[in-house]
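So the structure is just underneath, and the comments pick up after that.
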Amino acid sequence: MKDARKIVPALNSELRTDIVKAPETIKNATGINLYGKRIKSIIYTMDVAVIANCNADAVLAVYPWTPNTKIIDAIATISHVPILAGIGGGLTKGLRSATIGLFAEEHGVQAVVLNAPTTIETIKSVHKVVDVPLIYTVVNQNVDLRERIQAGVKAFNIAGGKKTAELVAWVRHQIAVEAPNFPLIASGGRTTAEIQATIDAGANAISFTAYGMTEAIFQHKMEQYRER
């Protein structure tokens, strides 16, 4: 028999049973302490319906278009967990990224995310005006990690596709001396084994996608309605 003191009791309601749940394996990560809240699972989505109905510890709100303050405002309105908001760094850079970062901070975003092409100059520009942590996205080994840390980056978001676990291990090795406890967020992959491999490689928090979740849950509900 399990020790009752180690069982986590659950409280739910009839109207909120179909929430989008983070993969259980993510609980094995150490987590990142962000303003007093431990972050382990980070949902990567721009779907406000999913954001409002998930159990993730945080939201990774990045997308392939130029950052838009109205989008940040919409997500900030609906989210009940911390938001890590994309503010560009590629086509959107310099003063514009810094301005969007300041707007995001004023609307409750708890960290801003810069994408891979971001220059050192843009990192410094954002660092000058934004108080919340700067997260830089690492997609390959062709990057000077130390230089970005010195410029103001406080965490890395690692997105290496099928080689993410390998890239996480490389990042850990590169900064082992200067910053052994540097926060690392990484995409976990599609399977339990892939997520665990990424955690074992040194990731503190794992992002997971919610592609098609709204449609899948709605389809399931429609099938139930038809049966009734």
Side-chain angles (χ1 to χ4, degrees), residues 32-35 39 42 44-46 58-76 79 82-161 163-164 166-187 201-207:
I32 294 171
N33 194 324
L34 180 61
Y35 293 114
I39 306 296
I42 304 172
Y44 169 39
T45 183
M46 294 300 297
V59 175
L60 179 60
V62 297
Y63 48 96
W65 299 281
T66 297
N68 187 308
T69 55
K70 290 183 179 180
I71 293 175
I72 293 174
D73 188 39
I75 295 172
S79 179
I83 301 166
L84 319 180
I87 59 170
L91 291 175
T92 305
K93 54 190 173 185
L95 180 59
R96 186 175 180 88
S97 283
T99 302
I100 295 171
L102 183 59
F103 176 92
E105 179 184 319
E106 291 179 345
H107 281 71
V109 165
Q110 295 199 355
V112 293
V113 183
L114 292 164
N115 57 32
T118 306
T119 63
I120 296 299
E121 289 71 24
T122 292
I123 293 173
K124 289 180 178 179
S125 294
V126 175
H127 182 58
K128 284 181 181 179
V129 299
V130 173
D131 180 64
V132 296
L134 271 65
I135 301 173
Y136 172 78
T137 304
V138 180
V139 297
N140 56 43
Q141 297 182 11
N142 302 321
V143 59
D144 189 328
L145 302 174
R146 300 178 188 85
E147 187 179 26
R148 280 152 180 76
I149 292 173
Q150 292 169 0
V153 170
K154 299 301 181 183
F156 289 131
N157 171 43
I158 302 173
K163 295 184 177 181
T164 295
E166 179 183 327
L167 190 56
V168 169
W170 176 80
V171 171
R172 276 285 174 227
H173 177 73
Q174 291 295 309
I175 61 175
V177 176
E178 300 90 339
N181 298 315
F182 199 78
L184 300 185
I185 298 166
S187 54
N204 303 108
I206 298 294
S207 65

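Only this structure's heavy atoms are used, side chains among them; waters, hydrogens and symmetry mates stay out.
Expressed to the nearest 0.5 Å, how far CG of Leu95 lies from NZ of Lys128 amounts to 11.0 Å. Expressed to the nearest 0.5 Å, how far CD1 of Ile149 lies from CD of Glu178 amounts to 7.5 Å. Put simply, NE2 on His107 and CG on Leu102 are 10.5 Å apart, with the number rounded to the nearest 0.5 Å. The distance from atom CG of Asn204 to atom CG of Asn33, rounded to the nearest 0.5 Å, is 11.0 Å.
Pairing each heavy atom of Ala159 with each of Ser187, the nearest pair is CA-OG, 3.9 Å. The two atoms that bring Ile39 and Pro82 nearest to each other are CD1-CG, 4.2 Å, heavy atoms only. Between Gly101 and Val130, the shortest heavy-atom contact is C-CG2, 3.6 Å. Ile87 and Thr92 get closest at one heavy-atom pair: O-CG2, 4.1 Å. Scanning all heavy atoms of the two residues, the minimum distance from Leu145 to Trp170 falls at CD1-CZ3, 3.7 Å. Taking every heavy atom of both residues into account, Ile32 and Ala205 meet most closely at CD1-CB, 4.0 Å.
Within the 3.5 Å criterion, the main-chain N or O of Leu91 finds no donor-acceptor partner in the side chain of Arg96. Counting only distance, with no hydrogens or angles, the side chain of Asn115 and the backbone of Gly90 share a donor-acceptor pair below 3.5 Å. Distance alone, capped at 3.5 Å, places no donor-acceptor pair between the Ser79 side chain and the Ile75 backbone. Checked by atom type and distance alone, the side chain of Ser207 never pairs as donor or acceptor with a backbone atom of Ile42 at under 3.5 Å. His127 places no side-chain N or O within 3.5 Å of a backbone atom of Ile123 that could act as its donor or acceptor partner.
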Name the atoms and distances for all side-chain donor-acceptor pairs under 3.5 Å in residues 131-141, with sequence neighbours left out.
from, atom 1, to, atom 2, distance (Å)
Tyr136, OH, Ala116, O, 2.7
Tyr136, OH, Arg148, NE, 3.4
Thr137, OG1, Leu114, O, 3.1
Thr137, OG1, Asn157, ND2, 3.4
Asn140, OD1, Asn142, N, 2.9

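The shortest distance between side-chain heavy atoms of Asp73 and Thr69 does not fall below 4.5 Å. Put simply, the side chain of Met46 reaches to within 4.5 Å of the side chain of Ile71, judged on heavy atoms. A 4.5 Å side-chain heavy-atom check between Thr119 and Lys93 finds every atom pair outside the cut-off. Here the side chains of Val171 and Phe182 are not in contact, with every heavy-atom distance at 4.5 Å or above. No side-chain heavy atom of Glu105 sits under 4.5 Å from any side-chain heavy atom of Val112.
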Practice task
Any chance you could lay out the side chain to side chain contact (heavy atoms under 4.5 Å, CB included) test for Leu60 and Ile185, step after step, and finish with the verdict?
Solution key: CA-CA 10 Å; Leu60 179 60; Ile185 298 166; 5.7 Å; no

